[in-house]
Amino acid sequence: MIEESRQSVAYMVNTALSFLYWNVGRRIREDVLREKRAEYGRQILVTLSQELTVQYGRGWNERNLAYMVRFAEAFPDETILHTLCAN
């Protein structure tokens, strides 16, 4: 019973974090970067990283934000993400 509950909680947390990171990456890509990259995008990630780190703590560094953007680019369709998280 304990192990089953632990596994269930771990699954829910991993799913929630996957959707959070995907949504953050999508919002950065679409709303902030407006589908652009290069130096402009890098500078925005630096600034955004600093703001998110102050507000929410560790885990929002520039590299992680870039991974989130790539994650959203790799899976542009949210239904694919639902399927991945279900497995």
### Query
How would you list, by chain and number, every residue that makes a side-chain contact (heavy atoms from CB on, under 4.5 Å) with Leu17, sequence neighbours excluded?
Val13, Leu20, Tyr21
### Query
Under 6.0 Å between the ring centres of Tyr67 and Phe71?
no
### Task
Would you check if Asn64 and Asn61 make a side-chain contact, meaning some heavy-atom pair closer than 4.5 Å?
yes
### Message
Quick check: closest heavy atoms across Ala72 and Gly25, and the distance to 0.1 Å?
### Response
CB-C, 3.7 Å
## Note on the structure
Closest non-hydrogen contact found for Leu65 with Leu45 is CD1-O, 3.8 Å
### Task
Measure across Met68 and Gly59 and return the closest heavy-atom pair with its distance rounded to 0.1 Å.
CE-O, 4.3 Å
### Path from Trp60 to Val54 over hydrophobic side-chain contacts below 4.5 Å
no
### Task
Answer yes or no: is there a donor N or O on one side and an acceptor on the other, between the side chain of Thr53 and the main chain of Ser49, under 3.5 Å?
yes
### Straight-line distance of Ser8 OG to Arg6 CZ, nearest 0.5 Å
13.0 Å
### Task
Applying salt bridge (Lys or Arg N to Asp or Glu O under 4.0 Å), run through Glu73 and Arg70 and close with a yes or a no.
CA-CA 5 Å; Glu73 289 172 343; Arg70 283 191 224 129; 5.9 Å; no
### Message
If you define the side chain from C-beta out and look only at heavy atoms, does anything of Val24 sit under 4.5 Å from Val69?
### Response
no
#### Entry: Spacing of Trp22 atom CH2 and Glu78 atom CD [to the nearest 0.5 Å]
4.5 Å
